[in-house]
Amino acid sequence: QAKRGGRNRFCFFDPLLQAKLHHRLRLEADLRHALSLGQFQPYFQPQVDSEGHILGAEVLLRWEHPERGMVSPAEFIPLAEENRQIIAIDRWVLETACRQLAAWAAQPETRELTLAVNLSVQHFHEADAVECIRDILVNTGAPPARLKLEVTEGFFLERQDEARQKMLALKALGVTFALDDFGTGFSSLSYLNRLPLDQLKIDQSFVRDVLEDPASASIVASTIGLAKSLDLEVIAEGVETTAQRDWLLSHGCRRFQGYLFGRPQPLGGFETSLRDARRA
Ligand code: C2E
Ligand code: CA
Ligand code: CA
Ligand code: CA
């Protein structure tokens, strides 16, 4: 209801909206200190081959808020993108991932593992993005070929040439690229053969409905075909059931990520599943 009179004369007072705004402002204020207070943790979700063997993991960020508990990245990443804190956060995730890759590279059983890290478009468009990533690789001693950077269609909506140059520079170091959430953007497919991509990631929204919805099924089948014809690897994310996996396998998809194979978990849990898999 509109409040009349007093100092609030021109304000709409909607308690729900105000509570939401308050919540958001508090979260944004807390986010400013989350990195320095060590409240972020990397989680690792396995990526597997057609036999279920673990090839590596995607690193997914978790924020352990002292009062609110675990805050979802779906909630805080957009906030961090708006106020550009995402750049510092992204770099921290990259450094953490690269330190892990360097540690794994020292052991014969873990040497081949890869890590996929989500890049934000703000970070990538920074003038020093390439130098920054190179420095992190050099300083941690991570093998660049084990690092996969996940980009989205939104990266190429503008400044496509610049983005392409940056990708080429990083590819020259040995880093690989996956196109995340493929099919969910509104971009044309014309950039696909102009950009040095290595992998297409089929979005979980299509995987979820692949058995029930013919449109999703044909999108997934064409994506797999497209990847084949462009000589790109393809991975399906959000695989939750054996029926989905079997459908994907029968349509030529050989790499999977999803709850069926493992939830995102802290390093300890991920390394335990690695050891269990080796014993099995
Ligand atoms: P994304 O990159 O598309 O990551 C996949 C999301 O799907 C993750 O959500 C993951 O936990 C979830 N997921 C995985 N398997 C399944 C499944 O079988 N079923 C269902 N229903 N969901 C599954 P999460 O961890 O909440 O992350 C949300 C988004 O936040 C990510 O989407 C990514 O865009 C962003 N994000 C996460 N970590 C980072 C980061 O370190 N840096 C940046 N820039 N963004 C990040
Ligand atoms: Ca991702
Ligand atoms: Ca995704
Ligand atoms: Ca997504």
Side-chain angles (χ1 to χ4, degrees), residues 31 34-35 39-48 52 54 56-64 69-100 114-126 129 132-133 136 147-155 176-185 197-211 216 220 223 234-245 247-248 255-267 269-270 273:
L31 191 59
L35 200 56
Q39 294 171 347
F40 287 125
Q41 229 195 307
Y43 271 43
F44 299 79
Q45 183 177 35
Q47 297 185 326
V48 305
I54 298 176
E58 176 177 2
V59 183
L60 292 158
L61 191 56
R62 295 291 178 264
W63 179 15
E64 281 170 42
M70 206 67 100
V71 184
S72 160
E75 193 173 352
F76 72 82
I77 297 276
L79 285 181
E81 284 177 340
E82 256 170 61
N83 64 22
R84 297 182 59 82
Q85 284 181 71
I86 191 67
I87 298 169
I89 295 174
D90 257 22
R91 291 179 178 183
W92 180 83
V93 174
L94 253 178
E95 206 175 304
T96 307
C98 285
R99 257 189 266 115
Q100 193 53 54
T114 58
L115 283 179
V117 174
N118 293 285
L119 271 194
S120 69
V121 62
Q122 286 89 341
H123 178 201
F124 194 66
H125 282 324
E126 285 287 281
C132 168
I133 296 170
I136 290 174
L147 178 66
K148 181 167 273 126
L149 298 175
E150 295 199 358
V151 297
T152 56
E153 290 162 304
F155 278 60
T176 63
F177 283 94
L179 187 62
D180 201 3
D181 303 341
F182 183 70
T184 62
L197 293 163
D198 302 278
Q199 186 182 67
L200 289 188
K201 239 182 147 170
I202 305 173
D203 191 65
Q204 52 183 295
S205 59
F206 303 121
V207 173
R208 194 201 310 128
D209 300 334
V210 83
L211 292 152
S216 294
V220 173
T223 303
V234 64
I235 184 169
E237 73 177 351
V239 182
E240 294 185 355
T241 66
T242 50
Q244 289 166 344
R245 187 223 26 219
W247 189 98
L248 288 159
R255 285 169 204 274
F256 312 100
Q257 180 182 341
Y259 295 165
L260 179 64
F261 307 97
R263 300 222 166 211
Q265 51 184 330
L267 180 66
F270 179 71
S273 15

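Remember, predicted model here, so these are calculated numbers, not experimental data. Indexing begins at 1, ligand by ligand and atom by atom, following the structure's order.
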Which is it for [X] and ligand 1 at heavy atoms under 4.0 Å: side chain, backbone, both or neither?
| X | answer |
| --- | --- |
| Arg62 | side chain |
| Leu260 | neither |
| Gln45 | side chain |
| Gln204 | side chain |
| Asp181 | side chain |
| Leu61 | both |
| Asp90 | side chain |

Self-check item: Side chains of Phe40 and Thr96 in contact at under 4.5 Å (non-hydrogen atoms)
Solution: no
Self-check item: Asn118 and Leu60, any side-chain heavy atoms less than 4.5 Å apart
Solution: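 SC-SC contact between Leu60 and Asn118 confirmed.
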Quiz item: Heavy-atom distance to atom 35 (C) of ligand 1: which of Ile77, Ile87, Ile86 wins?
Solution: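 Nearest option to atom 35 (C) of ligand 1, by heavy atoms: Ile77.
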Heavy atoms only: give me the nearest [X]-[Y] pair and the separation to one decimal.
| X | Y | value |
| --- | --- | --- |
| Tyr259 | Pro264 | CE2-CD, 4.1 Å |
| Leu31 | Leu79 | CD2-CB, 4.0 Å |
| Phe155 | Ser120 | CZ-C, 3.6 Å |
| Val93 | Val59 | CG1-CG1, 3.9 Å |
| Leu260 | Arg245 | CD2-CB, 4.0 Å |

Practice problem: Decide whether the shortest distance between a heavy atom of Arg263 and an atom of ligand 1 is less than 4.0 Å. | Solution: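 Heavy atoms of Arg263 never come under 4.0 Å of ligand 1.
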Which of the ligand 1 atoms, numbered from 1, are nearer than 4.0 Å to a heavy atom of [X]:
| X | result |
| --- | --- |
| Pro73 | 24 (P), 25 (O), 26 (O), 27 (O), 28 (C), 30 (O), 37 (C) |
| Gly258 | 15 (N), 18 (O) |
| Glu240 | 17 (C), 18 (O), 19 (N), 20 (C), 21 (N) |
| Glu58 | 2 (O), 4 (O) |
| Pro264 | 11 (O) |

Quiz item: Do the charged groups of Glu95 and Arg91 touch, with an N to O distance under 4.0 Å?
Solution: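 The answer is no: the pair does not qualify as a salt bridge.
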Practice problem: Go through the steps for Asp203 and Thr184 under the test side chain to side chain donor-acceptor pair (under 3.5 Å), then give the verdict. | Solution: CA-CA 7 Å; Asp203 191 65; Thr184 62; 5.0 Å; no
Quiz prompt | From Ile202, Val234, Leu200, residue fulfilling side chain to side chain contact (heavy atoms under 4.5 Å, CB included) relative to Phe182 | solution = Leu200
Quiz item: Per the side chain to side chain contact (heavy atoms under 4.5 Å, CB included) rule, which among Lys201, Arg255, Gln47 passes with Glu237?
Solution: Lys201
Quiz item: For the Ca ion (ligand 2), which protein N/O/S atoms are closer than 3.0 Å?
Solution: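 Correct list: Glu58 OE2, Asn118 OD1, Glu150 OE1, Asp180 OD2.
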Practice problem: May I have the step-by-step check of side-chain contact (heavy atoms from CB on, under 4.5 Å) for Thr223 and Phe206, ending in yes or no? | Solution: CA-CA 10 Å; Thr223 303; Phe206 303 121; over 6 Å; no
Self-check item: Test side-chain contact (heavy atoms from CB on, under 4.5 Å) applied to Phe270 and Gln100, step by step
Solution: CA-CA 12 Å; Phe270 179 71; Gln100 193 53 54; over 6 Å; no
